[in-house]
Asker: 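This structure is in structure tokens; I'll ask about it shortly.
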Amino acid sequence: MHQPLVALKELFLSHRKFLITAHKSPDGDAVGSVSGLYFLLKNLGRSVEVVLPDPPAKNLEPFLQATDCRYFSEQPELVAERFQSADCFIGLDFNAVSRVGEMQTLVENFSGTKVLIDHHTHPEDFADILISEVQCSSTCQLLYECFESMELLLALQANAARALYLGIMTDTGSFRFPSVNANTHRIVASLIGYGTEPWKIHQAVFDHNRVDQLKLRGFAVSEKLILLNQHPSALPVGYIALTQEELQRFNYQSGDTEGLVNTILSIEGIKAGVLIQEKSNGIKMSFRSKDEVYVNNFAKNHFNGGGHHYAAGGYSEHTMDVTITKLLSLIHELF
Ligand code: 5GP
Ligand code: MN
């Protein structure tokens, strides 16, 4: 067993007060890993609390229900108290402390043991125990692998299995990204063996669209999609830019545009997709790519972000028009 896992096992078998969190705007892998680890540690008889910077999209909320999760955006004092009373902090599914948003100071000032378990590239060196597997499909798959290596799978029950399935399913685009291999399917088969019903999780995550949400996606594709391969540059890139007014027109709620950027990438011949959204707190960028095109360094170098080779995010401090001009002037760097 690798040294960090020896230390992690020792920690999990000790009677600490654990505090678990993940990145802001939590996606399925963040929610799944937080909830999965909560149950794994509970099933080992540990004391565990869960906090997140802000709530996930509506369809993911039920997966946190049994964890008594509190959000910094809603109850900052209570979240701060949880940091005060914990003696072991575990960060999941993020590579930079800034990814916890407004909670950053609480994480930085935390005096107990810090653990980071993640699968993004270039993890920051802020934790006492770092488990980083960049090749791993998801933090949820990584958690399973860790518990297996530590010989702690006795902690795996239906509640944790269901949560881990959620993260693997969402971070692999329902088992279709290049990160999926035989080990992913072996682990998923094992999770099903613990009572996970895949169809129920697919239904809970994907069949909860509001009509406004579907209309916004239709509008984005039919009215706002720009394909650069039809322009003089002839680059195999598509982008969609949505202003605040446009989002509001469709009663935008958090999570409504989840996966929209992948739609761009599904167009024949397109190798990179960008979604630019004007949110109340600034301009959010999402990048996706495939084959020999990587987006994480582009997001990092030009849009204050990062992520994975094929999926990255960031933000722009400029106006929408300036952001688009900047994007178009730099996009050739991807090729
Ligand atoms: P999304 O486009 O879904 O927001 O993010 C895609 C990927 O990029 C996710 O894996 C996410 O963790 C990462 N990511 C998104 N926004 C940021 C950011 O601002 N900074 C960094 N370092 N990574 C990001
Ligand atoms: Mn993830």
Side-chain angles (χ1 to χ4, degrees), residues 21-37 52-54 56-57 60 63 91-102 104 116-124 126 131-145 163-175 177-180 184 205 239-242 254-265 272-277 279 281-290 294-317 323 327:
T21 199
H23 60 80
K24 65 182 176 185
S25 306
D27 59 2
D29 193 31
V31 167
S33 57
V34 152
S35 158
L37 183 58
L52 283 169
D54 52 5
L60 297 176
F63 292 90
L92 298 170
D93 200 39
F94 62 88
N95 56 354
V97 195
S98 63
R99 295 281 292 138
V100 301
E102 314 258 272
Q104 180 166 355
L116 180 65
I117 304 176
D118 180 46
H119 69 132
H120 296 88
T121 58
H122 313 301
E124 272 177 15
F126 74 91
I131 313 273
S132 163
E133 280 294 335
V134 174
Q135 307 299 330
C136 197
S137 76
S138 51
T139 301
C140 280
Q141 178 176 333
L142 182 53
L143 276 176
Y144 182 101
E145 290 175 6
L164 296 183
Y165 184 92
L166 168 72
I168 301 176
M169 176 189 89
T170 50
D171 254 26
T172 59
S174 298
F175 313 103
F177 296 154
S179 58
V180 173
T184 313
V205 173
Y239 76 90
I240 292 173
L242 295 169
S254 152
D256 280 0
T257 49
E258 186 74 42
L260 178 59
V261 64
N262 295 307
T263 309
I264 304 173
L265 209 58
V274 186
L275 176 64
I276 311 167
Q277 300 177 84
K279 301 276 179 75
N281 54 352
I283 294 197
K284 160 91 183 112
M285 318 277 298
S286 284
F287 304 91
R288 297 293 184 274
S289 61
K290 59 183 170 193
Y294 291 176
V295 281
N296 57 331
N297 283 336
F298 187 79
K300 189 171 172 213
N301 296 340
H302 303 304
F303 293 100
N304 315 293
H308 311 277
H309 290 152
Y310 294 127
Y315 64 89
S316 162
E317 61 275 14
T323 302
L327 176 76

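Fair warning: this is a prediction, and the values are worked out from it, not measured in the lab. Just so you know, ligand 1 is whichever comes first in the structure, and atom 1 is the first atom listed for that ligand.
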Asker: Hey, what do you get for SG (C140) to CE (M169), rounding to the nearest 0.5 Å?
Answerer: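 Output value for this atom pair is 10.5 Å.
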Asker: In the protein, which heavy atom is nearest to atom 4 (O) of ligand 1, and how far is it?
Answerer: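 Its nearest protein heavy-atom neighbour is K284 NZ, 2.9 Å.
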Asker: To the nearest 0.1 Å, how far is atom 15 (C) of ligand 1 from its closest protein heavy atom, and which atom is that?
Answerer: G313 CA, 3.3 Å
Asker: Can you check side-chain hydrogen bond (donor to acceptor under 3.5 Å, both in side chains) on S33 and T139, steps first, answer last?
Answerer: CA-CA 6 Å; S33 57; T139 301; 5.0 Å; no
Asker: Strictly under 6.0 Å, is that where the ring centroids of F303 and Y315 end up?
Answerer: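 No, too far apart.
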Asker: Is there a donor-acceptor pair closer than 3.5 Å between any side-chain N or O of T21 and the backbone N or O of L92?
Answerer: no
Asker: Nearest heavy atom to atom 9 (C) of ligand 1 wins, so pick from H23, R288, H120.
Answerer: H120
Asker: Output yes if D27 passes the N/O/S-under-2.8 Å test against the Mn ion (ligand 2); output no otherwise.
Answerer: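 It does not; every qualifying atom lies at 2.8 Å or beyond.
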Asker: Give me the residue, atom name and distance of the protein heavy atom closest to atom 7 (C) of ligand 1.
Answerer: A311 O, 3.5 Å
Asker: Could you tell me how the ring of Y294 sits relative to the ring of H309: parallel (under 30°), tilted (30 to 60°) or perpendicular (over 60°)?
Answerer: parallel
Asker: Relative to the Mn ion (ligand 2), which of the N, O or S atoms in D93 is the closest?
Answerer: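 Result: OD1.
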Asker: Does atom NZ of K300 have more than 12 heavy-atom neighbours from other groups under 6.0 Å away?
Answerer: no
Asker: Taking the Mn ion (ligand 2) as the vertex, what is the angle from OD2 of D171 to OD2 of D29, given to 10 degrees?
Answerer: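 An angle of 80° at the metal.
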Asker: Purely on distance, is any nitrogen or oxygen of G306 under 3.5 Å from one on ligand 1?
Answerer: yes
Asker: Starting from atom 19 (O) of ligand 1, which protein heavy atom do you reach first, and at what distance in Å?
Answerer: G314 CA, 3.7 Å
Asker: Please list the nearest protein heavy atom to atom 17 (C) of ligand 1 with its residue and the distance rounded to 0.1 Å.
Answerer: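 Residue, atom and distance for the closest contact: R99 NH1, 3.3 Å.
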Asker: Give a yes or no answer on whether the side chain of D118 reaches the backbone of F94 with a donor-acceptor pair at less than 3.5 Å.
Answerer: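 The answer is yes, because a donor-acceptor pair under 3.5 Å joins these two groups.
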Asker: What are the atoms of ligand 1, with element, lying closer than 4.0 Å to any heavy atom of H308?
Answerer: 10 (O)
Asker: Evaluate S286 for polar contact with ligand 1, using N/O atom pairs at a separation under 3.5 Å.
Answerer: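 Yes; at least one N/O pair falls below 3.5 Å.
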Asker: Of all N, O or S atoms in H119, which has the smallest distance to the Mn ion (ligand 2)?
Answerer: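 Going by distance to the Mn ion (ligand 2), the closest N, O or S atom in H119 is NE2.
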Asker: Below 3.5 angstrom, do we get any N/O pair linking F287 and ligand 1?
Answerer: no
Asker: Taking the side chain from D171 and the backbone from G167, do they hold a donor-acceptor pair closer than 3.5 Å?
Answerer: no
Asker: Tell me whether H120 has at least one N, O or S atom under 2.8 Å from the Mn ion (ligand 2).
Answerer: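 Checking the Mn ion (ligand 2) against H120, no N, O or S atom falls under 2.8 Å.
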Asker: Give the numbers and elements of all ligand 1 atoms closer than 4.0 Å to a heavy atom of G307.
Answerer: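 Taking each heavy atom of G307 in turn, ligand 1 has 8 (O), 13 (C), 23 (N) under 4.0 Å.
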Asker: Can you tell me how far the CD1 atom of I168 sits from the CD atom of Q141, to the nearest 0.5 Å?
Answerer: 5.5 Å
Asker: Around atom CD of Q135, are there more than 12 heavy atoms of other residues, nucleotides or ligands at under 6.0 Å?
Answerer: no
